[in-house]
Amino acid sequence: MRLIWSLLFLTVPILGVGLLAMSYLTPGGWLPPNISATGQEIDTLFNYILAVTGIIFVITEVLLVWAMWSSRGHAGGKSFYTHGNTKLEIAWTVGTAAILLFIAFYQIPIWSKAKYYSYRPKGKTPEVLVEASQFLWQLRYPAWNSAEGKPYPLNTLSPDTALSFEQINELHLPAGEPILLHLKSKDVLHSFWIPALRVKQDTVPGNLIPVWFEIDPRQLNDAYLVATPATPLKVGDEVFTQLWQFEWTCAELCGWGHSMMRARLIIHPNRADYERWLRASSKDWLENHQAAR
Amino acid sequence: MAEAHETHAAHDHGHDLPFWRKYIFSVDHKVIGIQFLFTSLFFLIIGGLLAGAIRYQLAYPNSKFPILGDLLWANNAGKMTPSDYVMIVTMHASVMIFFVIIPMLTGAFGNFLIPLQIGYKDMAFPTLNMLSYWFMVPAIICIVMSFLSVGGAAGAGWTAYPPLSVIQQASPGSLEGQKWWYLSLLFVGVSSMMGSVNYMTTIINCRAKGMTMFRLPMSTWAMFITAILQAFALPVLTVALIFGLTDNLGWTSFFVPANLDANWIVNSHRRAATGGQPLLWQHLFWFYSHPAVYIMILPAMGMVSDIIACHARKALFGYKPMVYSVACIAGLGFIVWGHHMFMSGMAPGLGTAFMVSTIMIALPSAIKVFNWIFTIWGGNIQFTSAMLNAMSFVAMFIIGGLSGIYMASTPTDIHFHDTYFIVAHIHYVLFGGSLFGFFAAVYHWFPKMFGRMMNERWGKIHFFLTFIFFNLAFYAMHNIGIMGAPRRYMNLQPMITPEQAEVMKTLNLLISHSVFALMGVQVIFYANLFYSLFWGPKAEANPWRCNTLEWQTSSPPPHHNFVTPPVVYHGPYEYGHPDLPDDHLAQTDPREIRDIGHH
C-alpha cells in the first residue's frame with residue numbers, strides 16, 4: 001500500500017510538469033502572442049517565476065513523497081522523536097524570505113512602466129477614448145481637421161461630438177510609437193483587456209483611466225495579417241494593404257452578455273497609414289456635419 | 001446514536017431533555033457542530049450540481065442541456081441562457097463559500113472540537129452558540145429565495161461588484177435575487193460573528209487545568225485565530241452589505257457614481273443621492289473577503305496538523321513556528337486585500353505595496369508546508385483515509401500556494417487577473433486545501449462524533465478517485481488560464497488564434513469530464529458516511545491512539561463531555577517518546593517524561 005500511495009503522490013509533480021511542458025510545446029497551448037515591448041518584460045518575468053516556483057514545486061512534492069516512502073518507524077515501531085529543529089526553521093525561513101523578497105523587488109520596475117503615471121507617454125494627447133457599456137466597446141476617435149492637416153484634439157472628459165467620431169468594437173492604432181488611451185464606462189464595471197498587448201485595466205463609471213503601451217512592429221507576424229495587397233480594406237477612397245488583427249475582450253463580469261463583449265484591434269504599420277484611415281473614416285461624417293451646420 | 005446515549009454517566013442531564021431540545025434546538029456544542037456538518041453536506045451537493053451545470057455549458061456550448069434543458073430553458077431550445085449562466089456561476093461560488101466551506105470548517109468542526117480539545121463541558125455561551133446555528137436558517141431561506149425570485153438569482157458574481165449588483169436594470173438577477181443575496185449574507189455574517197465571539201471567549205477562559213496556550217492542539221489554535229480574523233473582518237462586510245442593499249433598493253448611492261448615462265440604464269438616475277464610488281465596495285468587500293480565504297483554510301491547516309501528527313505517530317515538527325505562522329498569516333491577511341484590485345483602477349503605487357505584503361504572506365505558508373513534511377519524515381505512517389486526505393491537503397496546498405505568486409506579482413497579474421488561472425488557484429486552495437482537509441477531518445473525527453467507524457476501504461477508494469479526478473479537473477485550468485481564457489465566460493470559443501481554439505476545446509472537455517467524474521465519486525463518500533452513521537462498527541474511545549483531550553473520553557462523549565474535568569500534563573504531540581513503552585502519551589497522562597525532543 002505504501003508503494004501505491006507514494007506513487008500516487010509522485011504523479012503530482014510528474015504530471016504537473018508534464019502537462020505544462022506539453023502545453024508549451026503544443027502550438028497555441030501557451031501564452032497568447034505578444035506584440036508589445038512591456039509585454040515582453042512581463043513574459044520574461046512570468047518565465048522566471050515559472051522556473052522558481054517550478055523548482056520549489058518539484059522539490060517540495062518529491063520531499064513529501066520521500067517522507068511518505070521512508071517513514072516506516074524506528075526500533076519498536078516508534079517514530080523518530082523530535083519536536084523540531086531551530087536551526088532548520090531559521091534556515092528555511094531566511095531562505096524562503098530571500099527568494100520571496102527577490103521576486104517582490106525584481107518586478108517593481110516592470111509594473112511601474114506599465115502602470116505608474118510618471119511613465120505615461122508625455123506630451124501626447126489620447127489617441128482614442130474607449131467607452132465601455134453593456135455589451136459593446138464604443139471607440140471615439142478625433143475627427144480629421146483638413147484645414148490644419150491633423151486630427152482635432154480629443155477632449156476625453158466631455159467629448160465634442162462635432163469634432164470626433166465613433167466606431168463600435170474596432171480599435172485602430174498605429175504601430176511603432178507610444179500610445180495613450182483613455183478609458184470610461186457608461187454603466188457598470190468592464191475591463192479593457194488586449195491579451196496580445198498584455199494590457200488589462202478595469203473601466204470604472206465615474207473615473208477616467210489612462211492606459212499606455214507601444215506596439216512593437218517587429219513582433220507583428222504575417223499570421224495575423226487581415227488586410228494584404230490581395231485582400232485590401234477599403235474605407236471611402238482609401239485602400240489599406242497591410243493591417244494586422246488581434247482579438248480582445250472584456251475581463252470583468254458586466255452582466256449576462258459579458259462573454260459576448262469581444263472586439264478587434266486593427267494595427268496600422270505606421271502613423272501615416274493610421275492617419276490616412278482616420279481621415280477617410282471621418283470624411284463622410286464631417287461633410288454631413290458641416291452641411292447640417 | 002440513541003444506544004450510545006444510554007451509556008452516559010449517571011449525573012448527565014442530557015437524557016432528561018425532550019427530543020427537540022436535545023437534537024433540534026440544542027445548546028450542546030456537539031449537536032450544533034453536527035447540525036452545521038449536515039447543513040454544509042447538503043449545500044455541498046447543491047454547489048456541486050451548480051458546478052456540473054457550469055462545466056456542461058463550457059464543454060458543450062450551444063448545445064441542449066441534458067435532462068433539465070427542456071424544463072428550465074424551454075423557450076431557448078433547451079439551451080442554457082446567458083443570464084442564467086452568470087447566475088449559476090454566482091450561486092456556485094456563494095453557496096460553496098458561505099454555505100459549505102465556512103460552516104463545515106468553523107461551524108461543524110470549530111463547534112465540535114473546541115470544548116473537547118480544551119477539556120471543557122461546552123462553549124462559554126451555549127445559547128449564543130445555538131443561535132449561531134439558527135441564524136443560518138434565515139440565511140438559507142434567503143439564498144433559496146434568491147433562486148426563486150423574479151428575474152432569477154443574483155448574477156453579479158460572488159464578489160457582487162457594483163454598479164452591476166446595485167442597478168436593478170443592469171442584470172435580471174439584480175431585481176430581487178440580489179436583495180435576497182445581500183440579506184442571506186448578512187445572516188451568515190451574524191451567525192459567524194456569534195460563533196467567533198464564543199470561540200474566542202471559550203478558548204481564553206474555559207481551558208482545563210494545566211491546558212496552557214502552548215499546550216493547545218493546532219486545531220484549536222487555528223480556530224482561535226480564525227475567530228479573531230472573523231471578529232475583526234466581519235463588521236466591514238456587514239457594513240458593505242447594508243450599503244449594497246440600500247443602494248440596490250435605490251435609497252442611497254454609496255457605490256453608484258453620478259452621471260451614469262441615463263439613457264443607457266433606465267431609471268439609474270432616480271436615486272436619493274448620487275456621487276458614490278464603485279471601488280469603495282471592492283475595498284470593503286475584500287477587507288473581509290481576503291481574510292475570509294484564510295478563514296476557509298486556517299481551520300483545515302490546524303486539523304491537518306493534528307491528523308498528520310497522530311497518524312504519522314510523530315510529534316508535530318516545529319509546534320511553535322506553526323502557531324506563529326498561523327498568527328502571521330492572520331496578521332498579514334489584513335494588509336493584502338488590495339491584491340484583488342490591481343487592475344481595478346486603484347492607484348498603481350498602492351498596488352506595489354499590496355504586492356510586497358502578498359508575496360510575503362507566502363513565507364508563513366511555506367514554513368507550514370516544510371513543517372508538515374518534516375512531521376511526516378521519520379514517522380511511522382498509518383495509511384488511513386484521514387492521513388491520506390491530510391497529506392493530500394499538503395500536496396495540493398503546495399500547488400495552490402505557489403500558483404498564488406503569479407497573481408501576487410503585479411506585472412504577471414496583468415495577464416492572469418480574471419482568467420482561468422485564478423480559477424485553478426482558488427480551487428487548489430479551497431478544494432485541494434479546505435475540502436481535502438474536511439475529508440481528513442471527517443474520517444478522523446467521525447468515530448468521536450457518532451461513536452461508529454467509517455469504512456476504511458471505501459474511504460481509500462474515495463480518496464484515490466477524488467485525488468485523481470480533482471487534479472485532472474483543476475490542473476488543466478492553469479493551462480487555459482495561461483492561454484488567456486477569461487473566467488465567467490459561458491463560451492470560451494473562439495480565441496485569438498485557431499490553434500488556441502483547438503487546444504482550448506480539448507482541455508475544456510478534459511476538465512468538464514473530470515469534474516463530472518469527481519462529482520460522481522463523492523457518492524462513495526456520502527454513502528460511506530450515511531451507512532456508517534447507522535451500521536458502522538462501534539468505535540472505541542480512542543481508535544487512532546491520539547493524545548488530545550477529545551480522545552480521552554467516550555465515543556461519542558457524554559452530554560457534558562467529560563465525566564470528571566480533565567487535568568493536562570503535556571503538550572498535544574507526545575508521540576514516539578523513547579522512554580515510554582507505548583508510542584503515545586495522552587495529555588491527561590500524569591507520567592513525567594524527559595524533555596529531549598528539542599534540537
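On a predicted model such as this, the values are computed, not experimentally measured, just so you know. Numbered from 1 within each chain, the chains take letters A, B, ... in sequence-line order.
- Contact check for P411(B) versus F46(A): no side-chain heavy atoms found under the 4.5 Å cut-off.
- Residue T497(B) touches chain A through its side chain alone, counting heavy-atom pairs closer than 4.5 Å.
- Residue contact with chain B, scored on non-hydrogen atoms closer than 4.5 Å, involves the backbone and the side chain of T249(A) alike.
- Contacts of M260(A) with chain B are made by side-chain atoms alone, with heavy-atom separations under 4.5 Å and no backbone atom involved.
- Proximity to chain B is absent for every atom of E41(A), based on heavy atoms less than 4.5 angstrom apart.
- Contact of N207(A) with chain B is made through the side chain alone, with heavy-atom distances under 4.5 Å.
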Point to revise | Check against side-chain contact (heavy atoms from CB on, under 4.5 Å), L100(A) and I405(B) | key: CA-CA 9 Å; L100(A) 291 172; I405(B) 294 183; 4.1 Å; yes

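- Annotation: side chain of P278(B) is in contact with side chain of P205(A) (closest heavy-atom distance under 4.5 Å).
- Contact tally against chain B (heavy-atom pairs below 4.5 Å) for E61(A), R2(A), R72(A), K115(A): the top residue is E61(A).
- Using cut-offs of 30° and 60° on the angle between ring planes, the pair F80(A) and W377(B) is perpendicular.
- In this structure the side chain of W111(A) never reaches within 4.5 angstrom of the side chain of D413(B), judged on heavy atoms.
- Of the residues considered (L88(A), I49(A), T203(A), I110(A)), I49(A) shows the highest number of contacts with chain B, using heavy-atom pairs under 4.5 Å.
- The backbone N or O of I414(B) sits less than 3.5 Å from a side-chain atom of K200(A), completing a donor-acceptor pair.
- Counting heavy atoms from C-beta outward, V188(A) and Y161(B) have side chains that stay 4.5 Å or more apart.
- With ring centers used as reference points, H83(A) lies 6.0 Å or more from Y319(B).
- Heavy atoms of S403(B) lying under 4.5 Å from chain A are absent altogether.
- The backbone N or O of H577(B) sits less than 3.5 Å from a side-chain atom of K78(A), completing a donor-acceptor pair.
- Using a 4.5 Å cut-off on side-chain heavy atoms (C-beta onward), Y475(B) and L20(A) make contact.
- Contacts between A312(B) and chain A at a heavy-atom distance below 4.5 Å involve the backbone alone (N, CA, C, O).
- Using a 4.5 Å cut-off between heavy atoms, A156(B) contacts chain A through its backbone alone, with no side-chain atom that close.
- With a 4.5 Å cut-off on non-hydrogen atoms, M391(B) touches chain A through its backbone and its side chain both.
- Within the 4.5 angstrom heavy-atom criterion, no atom of Q382(B) approaches chain A.
- Counting only heavy atoms from C-beta outward, the side chains of I593(B) and Y81(A) approach each other to under 4.5 Å.
- Looking only at side-chain heavy atoms (C-beta outward), F105(A) and M355(B) stay at 4.5 Å or farther from each other.
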**Study point:** S23(A) and N479(B): CA distance, side-chain angles, deciding distance, side chain to side chain donor-acceptor pair (under 3.5 Å) verdict
**Key:** CA-CA 7 Å; S23(A) 237; N479(B) 296 56; 2.6 Å; yes

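- Heavy-atom distances place both the backbone and the side chain of I482(B) under 4.5 Å from chain A.
- Looking at F416(B), the atoms closer than 4.5 Å to chain A (heavy atoms on both sides) sit in the backbone and in the side chain alike.
- Of the listed residues (I209(A), T86(A), I4(A), T60(A)), the greatest number of heavy-atom pairs within a distance under 4.5 Å of chain B belongs to T60(A).
- With chain B as the partner, the residue from A67(A), A196(A), A223(A), S71(A) showing the most heavy-atom pairs under 4.5 Å is S71(A).
- Proximity to chain B is limited to the side chain of P33(A), based on heavy atoms less than 4.5 angstrom apart.
- Judged by distance alone, with hydrogens and angles left aside, the side-chain atoms of E499(B) form no donor-acceptor pair with the main-chain N or O of G29(A) at under 3.5 Å.
- Only the side chain of W66(A) comes within less than 4.5 Å of a heavy atom in chain B; its backbone stays farther off.
- For the side-chain contact (heavy atoms from CB on, under 4.5 Å) with L363(B), the lone residue among V94(A), T96(A), L101(A) that qualifies is T96(A).
- Counting heavy-atom pairs closer than 4.5 Å to chain A, the top residue among I399(B), N471(B), L388(B) is L388(B).
- Of the atoms belonging to W193(A), it is side-chain heavy atoms, and not backbone ones, that fall under 4.5 Å from chain B.
- With hydrogens and angles ignored, the 3.5 Å screen pairs a side-chain donor or acceptor of Q201(A) with a backbone N or O of M343(B).
- Counting heavy atoms from C-beta outward, L253(A) and L164(B) have side chains that approach closer than 4.5 Å.
- Looking at Q277(B), the atoms closer than 4.5 Å to chain A (heavy atoms on both sides) all sit in the side chain, from C-beta outward.
- Both the backbone and the side chain of Q107(A) come within contact range of chain B, with heavy atoms under 4.5 Å apart.
- Interface residue Y224(A): only side-chain heavy atoms are found under 4.5 Å from chain B.
- Heavy-atom pairs under 4.5 Å with chain B peak, among L50(A), V65(A), I99(A), at L50(A).
- For P61(B), no part lies under 4.5 angstrom from a heavy atom of chain A.
- The contact between A114(A) and chain B is made entirely by side chain atoms (from C-beta outward), counting heavy-atom distances below 4.5 Å.
- With rounding to the nearest 0.5 Å, the separation of OH in Y106(A) from CD1 in I359(B) is 13.5 Å.
- Proximity to chain B (any heavy atom under 4.5 Å) is shown, for V52(A), by neither the backbone nor the side chain.
- The aromatic rings of F317(B) and W92(A) lie tilted to each other, with the angle between the two planes from 30° to 60°.
- In this structure, the portions of N371(B) lying under 4.5 Å from any heavy atom of chain A include both its backbone and its side chain.
- Contacts with chain B were tallied for K87(A), M1(A), R198(A), M68(A); M68(A) has the most, counting heavy-atom pairs under 4.5 Å.
- Neither the backbone nor the side chain of P364(B) comes within less than 4.5 Å of any heavy atom of chain A.
- Residue contact with chain A, scored on non-hydrogen atoms closer than 4.5 Å, involves the backbone and the side chain of I596(B) alike.
- No close placement of the F467(B) and W5(A) rings is indicated, their centers lying 6.0 Å or farther apart.
- Heavy atoms closer than 4.5 Å to chain A are found in both the backbone and the side chain of K460(B).
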